[in-house]
Asks: 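Before I ask anything, let me first share the structure, which is written out below as C-alpha cells.
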2 protein chains.
Amino acid sequence: MNLSPRPVEATPLAHDRVYRRLRARIMHGDLPPGHALTLRGIGKEYEVSMTPAREAVRRLAAEGALTMSTSGRISTPELSNERIEELAALRALLEVELASRALPRAHMALIERMQTINTNIAEAVAHRDAVSYIRTNLEFHRTLYLRAQAPAMLAMAETVWLQLGPTMRALYGRLRRTEPPHFHRLIIAALRAGDEPGLRLAVRSDVTQGLRMLAS
Amino acid sequence: MNLSPRPVEATPLAHDRVYRRLRARIMHGDLPPGHALTLRGIGKEYEVSMTPAREAVRRLAAEGALTMSTSGRISTPELSNERIEELAALRALLEVELASRALPRAHMALIERMQTINTNIAEAVAHRDAVSYIRTNLEFHRTLYLRAQAPAMLAMAETVWLQLGPTMRALYGRLRRTEPPHFHRLIIAALRAGDEPGLRLAVRSDVTQGLRMLAS
DNA sequence: ATGATGCGCTTGTGATCACAAATGAGCCAC
DNA sequence: GTGGCTCATTTGTGATCACAAGCGCATCAT
C-alpha cells in the first residue's frame, strides 16, 4: 500500500486552471457578448502554451460558454431572443426542481447564510457593479441548490448560467436597477414557512423575471 | 463577395470526427461501464495523432460520457444508484417538457414516422440486440423532441442519454425482454388524440420505467 | 502460498513546430 | 470617394517529442 506523504492538493494541471478561470469570468459576466479570444492570447495570459489553452476553450465551447466560427475563431456567444427564452425556460425547469428538493433539507443556518448573501447582492446593486451582482446572485441560488444533493442537476443549471453569462452582463449593464431582488425575499420566506408551492413559484418568478426583459 | 466554388461539406476536422464517432458508440451502449480507453489507442483506431484524440476525450469527459481518474486514465463511467436515479429524474423533467412543446407541432407524418421506428425497436428486441435497441429507442424519442424547436433543451437531454449509455447497455444486456416498449404506444396514442396530460404521463412512465430497474 | 519490492513499459501532459486558411489593412483602378 | 484586389500577418489545427507518473507483472523473501 502507498503510505508515502503524497501531497493532498490535486490538479495542478494547466488546462484545468485555465478552464476554471475562464469559466468563472464568463459565468460572472466579465466578458461582453461577441468578445473575441485567441489561443495564443489565453496562453500568454495564463502562462501556458497553446495546447492546454485549446483544451480549455474546446471544453467551454462544448458547454455553450464560447462559440467557434466555421474557421475556428473564438468568441463569447451573442444569443438570439429565442435562445434566451429557451435558456430561461431551462433555468425555471431545473431550478424549481432543485429548490423543491432542497426544501426539506434547508435548516436555519442555510437560510441565514442566504440572507447574508442577499445583503451582499443589495450592496452590489448599490454600487452598480454588474459582475459582483451576477456573482453574488448566482451564489445565492447555488447555496440553496447544493442542499438538493443532486450534482448532475446542479451541473446542468450551472451550464445554463454559463451560457447566459455574457448576455446577463449586457442586460444588467444597461438596466438601471435600484432595488435588490424582490423575489429573493419571497424565496427565503417560503423556505422558512416550508411552503413548497410558494417556493416553486418564487424561484420560477425570480429566474424568469430578470431574463424576460433580455428580449430587447 | 466570395463567389468561388467553395466546397459545401464543412468539418473534415479530425477531433470532431473522433468526437462524433466515440460519442455515438458510448450513447448507443457499444461500450460497457468501466471500459478503459487510451489516447494512443483511439488515435490509432481513427488514424489521427494524440492531439485530436485528447480533445475528443476531454470533451466527452466534460459531458460525463467518460470519466478520468486522478492520474488521467480514461474509462466509461460506472454510475452509482443515486446517480442513475438522478439522471432518470432529469430525463423525466426534460423529456416531458420537450414532448409537451412538440405536441402542438406534431402532424400525422411525424406520428407515422415514429410508428415505423417503433416497429424497428420491436425487431431489435426480437433479435436481442442491445445496441440496436438503444439506438432505435433514442431515435424514437429524438424524432419527437426535434419538433419542440428547443435545441438547448434537446442537447441537455442527449447529454443525459450519453451519460447513461454504458449503463443502459449493462441493463438491457441482462434484461430478457420479449415485448416491445408498451409506453411507446401510449405516447403515439396521446399524440394522435392531442392529449397533453396523457402525453406527459406516458413519456414520464416510459423514461422512468426502464431506468427504475437499473438499481440492481 | 502469500505478500512486498522493484522495474520496465504504458499512458497522459504540455511545449514546440510546420502548415493552411482566413482576416484585415493598404493599395490601386475607376 | 468607392469598390475590389493583394499580400503580410494573425490564427487555429494537428503531429511530434520529451518527460514524469502510474500501472502491472515478475521476482524474491518469508
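Throughout, a chain's letter reflects where its sequence line sits, starting with A, and its residues are numbered from 1. Nothing here was measured: the structure is a model prediction, and the numbers come from that model.
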Asks: Are A/Arg23 and A/Glu158 ion-paired here, with the side-chain N under 4.0 Å from a carboxylate O?
Replies: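 Between A/Glu158 and A/Arg23 there is a salt bridge, with a charged N closer than 4.0 Å to a carboxylate O.
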
Asks: So, A/Thr76 side chain and A/Gly34 main chain: donor-acceptor pair closer than 3.5 Å or not?
Replies: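 Between the backbone of A/Gly34 and the side chain of A/Thr76 there is a qualifying donor-acceptor contact (under 3.5 Å).
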
Asks: Strictly below 4.0 Å, heavy-atom distances to any atom of DNA chain C: list the hits from residues 51-59 of chain B, or just say none.
Replies: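 When residues 51-59 of chain B is checked for heavy atoms under 4.0 Å from DNA chain C, the hits, listed by number, are B/Arg54, B/Arg58.
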
Asks: May I ask you to test the B/Trp161-B/Leu87 pair for a side-chain heavy-atom distance under 4.5 Å?
Replies: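 Not in contact.
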
Asks: More 5' along DNA chain C: A/Arg73 or A/His15, using each one's nearest nucleotide?
Replies: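 Looking at DNA chain C, the more 5' nearest nucleotide goes with A/His15.
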
Asks: Please determine if a side-chain N or O atom of A/Ser71 lies less than 4.0 Å away from the OP1 or OP2 oxygen of C/dA22.
Replies: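 It does not, given that no N or O in the side chain of A/Ser71 lies less than 4.0 Å from OP1 or OP2 of C/dA22.
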
Asks: Would you please name every residue forming a salt bridge (charged side-chain N to carboxylate O under 4.0 Å, His left out) with B/Glu95, sequence neighbours left out?
Replies: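 Partners of B/Glu95 by the salt bridge (charged side-chain N to carboxylate O under 4.0 Å, His left out) criterion, ordered by chain and then number, come out as B/Arg91.
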
Asks: Compile the donor-acceptor pairs under 3.5 Å between side chains in residues 147-154 of chain B and protein atoms, sequence neighbours left out, one pair per line.
Replies:
{"unit_1": "B/Arg147", "atom_1": "NH2", "unit_2": "B/His107", "atom_2": "NE2", "d": "2.9"}

Asks: Does the side chain of B/Val160 reach to within under 4.5 Å of the side chain of A/Met156, using non-hydrogen atoms?
Replies: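 Result yes, sub-4.5 Å side-chain heavy-atom pair found.
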
Asks: In terms of relative ring orientation, are A/Phe140 and A/His184 parallel, tilted or perpendicular, with 30° and 60° separating the classes?
Replies: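 Ring orientation, 0 to 90° scale: parallel.
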
Asks: Rounded to the nearest angstrom, tell me the gap between atom OH in B/Tyr19 and atom P in D/dT13.
Replies: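 After rounding, the gap between these two atoms is 16 Å.
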
Asks: Answer whether the closest heavy-atom distance between the side chains of B/Arg58 and A/Arg58 falls below 4.5 Å.
Replies: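 Counting from C-beta outward, B/Arg58 and A/Arg58 never come under 4.5 Å.
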
Asks: Using whole Å, what does the distance between atom P of nucleotide C/dA21 and atom CE of A/Met68 come to?
Replies: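 My rounded result for the distance is 17 Å.
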
Asks: Could you tell me how far apart B/Ile74 (CD1) and D/dG22 (P) are, to the nearest whole angstrom?
Replies: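 Interatomic distance, CD1 of B/Ile74 to P of D/dG22: 16 Å.
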
Asks: What parts of residues 30-44 of chain B reach DNA chain D, counting only heavy atoms under 4.0 Å away?
Replies: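 Of all residues in residues 30-44 of chain B, none places a heavy atom under 4.0 Å from DNA chain D.
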
Asks: Run the ring-centre check on B/His15 versus B/Tyr19 and record whether the distance is less than 6.0 Å.
Replies: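 They do not qualify: ring centres at least 6.0 Å apart.
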
Asks: For residues 36-48 of chain B, which residue pairs qualify under side-chain hydrogen bond (donor to acceptor under 3.5 Å, both in side chains), counting only residues two or more places apart or in two chains?
Replies: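 Output for this query lists B/Arg25-B/Glu45.
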
Asks: Rounded to 10°, tell me the angle between the two end axes of the helix from C/dA1-D/dT30 to C/dC30-D/dG1, each built from five pairs.
Replies: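 Result, rounded to 10 degrees: 0°.
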
Asks: Between A/Arg101 and A/Glu97, is the closest basic N to carboxylate O distance under 4.0 Å?
Replies: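 Result for this pair is yes, salt bridge flagged.
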
Asks: Send over the distance from A/Met50 CE to C/dA18 C1', rounded to a whole Å.
Replies: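 Nearest whole value for this atom pair: 12 Å.
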
